Structures are given as C-alpha cells and as structure tokens.
Amino acid sequence: MVIKKMLALVLGGLLCMNCFAACSKPAPLLKEKYNDYFNVGVALSKQTLAYYDESILKNFNLVVAENEMKWESIQPSEGVFVFSNADKLIAKAGDLDMQVRGHTLIWHSQTPSWAFAGSYEDAEARMLAHVTKVVTKYKDNISEWDVANEVLSDGDANELFRQDSGWYRACGSNDDKFVEFLAKAYKKVHEIAPDAILFYNDYNLNFPTKRAKAVKLVQKLLAAGAPINAVGMQAHYDIHGLKMTDVENSIIAFKDAGMKVSLTELDLSVYPGDYSGAPYTELSAELDAKQADVYGELFALCRKHKDTVLGVTTWGVADDATWKDNFPVKNRKDFPLLFNVSAQPKSAFQKISNF
Ligand code: G3I
C-alpha cells in the first residue's frame, strides 16, 4: 500500500513538472510557426524602429525600411549619401536576427527630380551610381531588393508603363528603352550582390489587367537578360470584397512566369476601397473579426503556395503607426495591421498563428 502511495506521489510530481514545463514554455513565435513556410516580416520606420518592444519584433525574421532606404532618404542631393537611418535598421535587424528587404532602388516617387534630369545618359549614369553605392554598402546585409517599384501603368491594357515616371520619361517614354534601362539596374545589382533575390514590386497585382502587365514586364526583362527572381505583390488590400481567387491566380501566373512571390506591404484597411465609410474612432469587434478572417485566408493561401511564396511582410507593426491613416483619406484613423493601437496582438495575429 505504501509503495502504491509513493508511486502515486512520484507520478503526480512528474505530471506537475510536465504541466509546469508546458505551461511555462513560451508560446511559439510567429516566425517559428512559419519556419516551414515563408519569412514573416514587418516594415519599420526611423520612428517605430525605436519604440516597438523586442518582444513583438522577435515574432518576425524579416524587416524592411518604410522610407529610410528610398532615394530621397539615401541620396538627398547628388553625391551626398546619408546612411544613418538605414544603418539603424540594419543594426536592429542584426540584433534580432532578421533578414532585410531593400526597398527600393528605382521608383518614380520619393526620388529627387535632379535624378531624372538632363539626357538619357545622365539619368542612366545617376541610376547606376546610386545602385552601385547603395547595394555595395549593404551587399552583406540585404538578402532581397525591390530593384524596381511601381513602374506599371494603372491605365488600360495596352499601356504597359506609367507615363508620369521621371525614369520612363528619361528614356524618351519609349517602352523598349525603359526595359533596357531597368535590365541594366537588375544586372548591376546582381553583379554586386549575386546571392540577393531581385524583385519587381507593385500594387494591385491581384487585378487581372495589372497582373498581365507584370507578367509581360517579367518576360521582357528576362528577354533582356535581367536576373529577376521574384514579384512583390504589395497587397495593400481592404477587408471588403477582396477575392482570394484573384490573389491566387496572380501567385500562379507569376510562378508560371518563373518567379517567386512575396506579399511585401500587406495591410488590410477596415474601409472599403471606394473611400467611403464613416471614420471609426476604434476597431469594433465585428470589424476585428472580419479582418482576422481575411488575414487568415491570405496566410492560408500563402501556406498553400509555400513553394512559390518567399515571404509575407506587413506594412507596419501596429495600428498606432500606419500610412493608411492618411491614405486615401487624410486624418482618417485606420486599423490595418496585426497589432492594435496599444501594440497588443489582435484577433488577426491569433488567427494567422493558429493553424
Ligand atoms: O520626412 C518628411 C518630414 O521631414 C516632414 O516633416 C513630414 C511632414 O510632411 O513628411 C515627411 O515625409 C513623409 C515620408 O513618408 C516620411 O515619413 C511624406 O510626407 C509622406 O508622404 C511619406 O509617406 C510614405 C509614402 O510611401 C510616400 O509615397 C509612407 O510613409 C510610406 O508608408 C509609403 O510607402 C509606400 C511604399 O514605399 C511603396 N508602396 C506604396 C506604399 C504606400 O504609399
């Protein structure tokens, strides 16, 4: 009898120890949950870099600078390079063992107008000098680059490139010349950082017309010898009416074009894309739940296509700091991210974590 009691005590003790160990074991981090799928990333700015707690950031294994690696930030005037803010992001990534996305080298926006000025030869020389300086500086820190961002037109099907780009105009608004210009950029990045994954990045690539343009651009770049590897779907969506079939058809189309795919700037506005909707001062339980469902469907879709999808990056960490508060409507509070205004995980974070 005594032996039975002793056995019961020992077994009970072992059970408690196991329970304690299990209960005290920290919940797996998001990046650990996605170890077998793809990178999970966030955009940080010079402001947010300084204040989000590492307990949140260590959920992620990839980071991208929201603005600090754009031309206007890095080379504000010709020949003057300012790397201090970008360096802070690189240092933070090193501290947290995060990969870094380089965003972005060639973009019509947030690029000083002097970069495009003068002859084609002038513009090309400036572009190659910028790319060489920046990519050389970070070739050991940045694993993937948005070499070109948003060069495609949102116009009708037969207009491939946006007409308001200073880079496009520097090429005489000639499609073939612009493809040659872009191909030179991809070749230069690859020459300096041969292991980096080279992206074309754009928004609305879930829409069939723009998807087709992106495929056409990839094909033209490949034909021009550009070492392009992947397409970045920015994924600035909203929770009203996003068609998962559109997103999936784009992932498949880019895969069929020989590309990998990442969702590079994911946020899910709680307002309809038509700019309607009375401003909310807080996120209702109903909208929170609906947003969680859409985040859940998007991450499930990316897990389904894990052989093609390299990463999913949200364009910010928490709802307290999002560009969506000023776009498309200025000073209209939005709630598009995985953490709330108090930097606490939302239902969406739980949803994508538990599968
Ligand atoms: O740096 C100036 C500061 O000196 C000034 O005091 C302040 C007030 O005007 O403006 C600051 O510049 C702002 C900049 O972000 C840095 O904070 C610009 O006004 C503001 O327009 C700019 O917005 C950025 C936007 O790109 C510009 O197009 C957003 O933060 C950034 O999230 C957004 O990111 C882009 C991606 O790079 C490409 N895909 C679309 C995405 C959303 O537009």
Side-chain angles (χ1 to χ4, degrees), residues 41-52 62-77 80-86 88-89 100-113 115-116 130 134 142 144-154 161-162 164-167 182 198-207 210 213-214 217 230-238 250 261-271 273 275 311-339:
V42 282
L44 288 175
S45 68
K46 60 187 175 192
Q47 295 83 2
T48 60
L49 184 75
Y51 69 67
Y52 286 127
L62 183 142
V63 66
V64 59
E66 185 174 5
N67 290 294
E68 292 68 23
M69 288 193 187
K70 294 171 181 174
W71 189 307
E72 70 175 9
S73 301
I74 292 270
Q75 192 183 178
S77 51
V80 177
F81 289 88
V82 179
F83 291 115
S84 51
N85 287 319
K88 286 175 188 156
L89 182 114
V100 182
R101 299 202 80 244
H103 176 78
T104 178
L105 294 169
I106 298 177
W107 191 22
H108 65 280
S109 181
Q110 290 183 275
T111 301
S113 54
F116 323 116
H130 184 82
V134 177
I142 292 183
E144 55 188 75
W145 277 102
D146 287 339
V147 177
N149 186 53
E150 301 179 15
V151 301
L152 296 173
S153 161
D154 292 312
F161 293 117
R162 67 183 312 145
D164 63 349
S165 158
W167 294 119
L182 293 172
L198 306 189
F199 278 75
Y200 172 68
N201 191 54
D202 211 333
Y203 59 88
N204 288 353
L205 295 186
N206 54 311
F207 293 159
K210 201 163 183 183
K213 292 183 184 182
L217 173 61
V231 172
M233 298 175 68
Q234 290 183 7
H236 293 297
Y237 300 142
D238 65 64
S250 293
V261 178
S262 287
L263 302 194
T264 52
E265 305 180 14
L266 176 59
D267 44 29
L268 295 178
S269 173
V270 296
Y271 299 97
Y275 304 7
V312 177
T313 294
T314 56
W315 202 242
V317 179
D319 292 341
D320 65 307
T322 169
W323 75 290
K324 295 298 293 178
D325 284 354
N326 289 297
F327 186 89
V329 177
K330 260 201 159 329
N331 298 318
R332 182 182 70 172
K333 185 70 201 114
D334 205 336
F335 307 85
L337 295 164
L338 293 173
F339 291 78

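All values derive from a computational prediction rather than experimental measurement. Remember, it's 1-based here, ligands and their atoms both numbered in the order they're listed.
- Distance remark: protein heavy atom not present below 4.0 angstrom from atom 12 (O) of ligand 1.
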Is there a side chain to side chain contact (heavy atoms under 4.5 Å, CB included) between Glu150 and Arg162 once you walk through the steps?
-> CA-CA 8 Å; Glu150 301 179 15; Arg162 67 183 312 145; 4.1 Å; yes
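- Protein heavy atoms all stay at least 4.0 Å away from atom 8 (C) of ligand 1.
- On a distance-only criterion, Gln234 and ligand 1 share at least one N/O pair closer than 3.5 Å.
- Checked by distance only, ligand 1 and Glu66 come closer than 3.5 Å through their nitrogen or oxygen atoms.
- Judged by a 6.0 Å distance limit and a 45° cone about the ring axis, Lys210 is positioned over the six-membered ring of Tyr203.
- When heavy-atom distances to ligand 1 are checked against a 4.0 Å cut-off, Asn149 comes that close only through its side chain, counted from C-beta outward.
- Minimum interatomic distance between Val317 and Leu337 (heavy atoms only, all atoms of both residues): O-CB, 3.7 Å.
- Here the CG atom belonging to Leu89 is positioned 8.5 Å from the OG1 atom belonging to Thr48, to the nearest 0.5 angstrom.
- Counting protein heavy atoms only, atom 36 (C) of ligand 1 is closest to His103 NE2, 3.4 Å.
- Ligand 1 has no nitrogen or oxygen under 3.5 angstrom from a nitrogen or oxygen of Trp107.
- Not a single heavy atom of Phe327 sits less than 4.0 Å from an atom of ligand 1.
- Some N or O of Trp315 is nearer than 3.5 Å to an N or O of ligand 1, by distance alone.
- Within a 4.0 Å radius of atom 31 (C) of ligand 1, the protein contributes at least one heavy atom.
- Protein heavy atom closest to atom 27 (C) of ligand 1, with residue, atom name and distance, is Gln110 OE1, 3.1 Å.
- Between Glu72 and ligand 1, a contact under 3.5 Å exists for no N or O pair.
- In this view, Lys333 and Asp325 satisfy the salt bridge (charged side-chain N to carboxylate O under 4.0 Å, His left out) rule, not counting sequence neighbours.
- The nearest protein heavy atom to atom 38 (C) of ligand 1 is closer than 4.0 Å.
- For Asp146, the salt bridge (charged side-chain N to carboxylate O under 4.0 Å, His left out) criterion is met by Arg101, not counting sequence neighbours.
- Within 4.0 Å of atom 25 (C) of ligand 1, at least one protein heavy atom is present.
- Residue contacts with ligand 1: Gln47 is excluded, as none of its non-hydrogen atoms falls under 4.0 Å.
- Within a 4.0 Å radius of atom 3 (C) of ligand 1, the protein contributes no non-hydrogen atoms.
- For atom 34 (O) of ligand 1, the nearest protein heavy atom lies under 4.0 Å away.
- Of the protein's heavy atoms, none falls inside 4.0 Å of atom 18 (C) of ligand 1.
- Ring geometry for Trp167 versus Trp71: interplanar angle of 30 to 60°, hence tilted.
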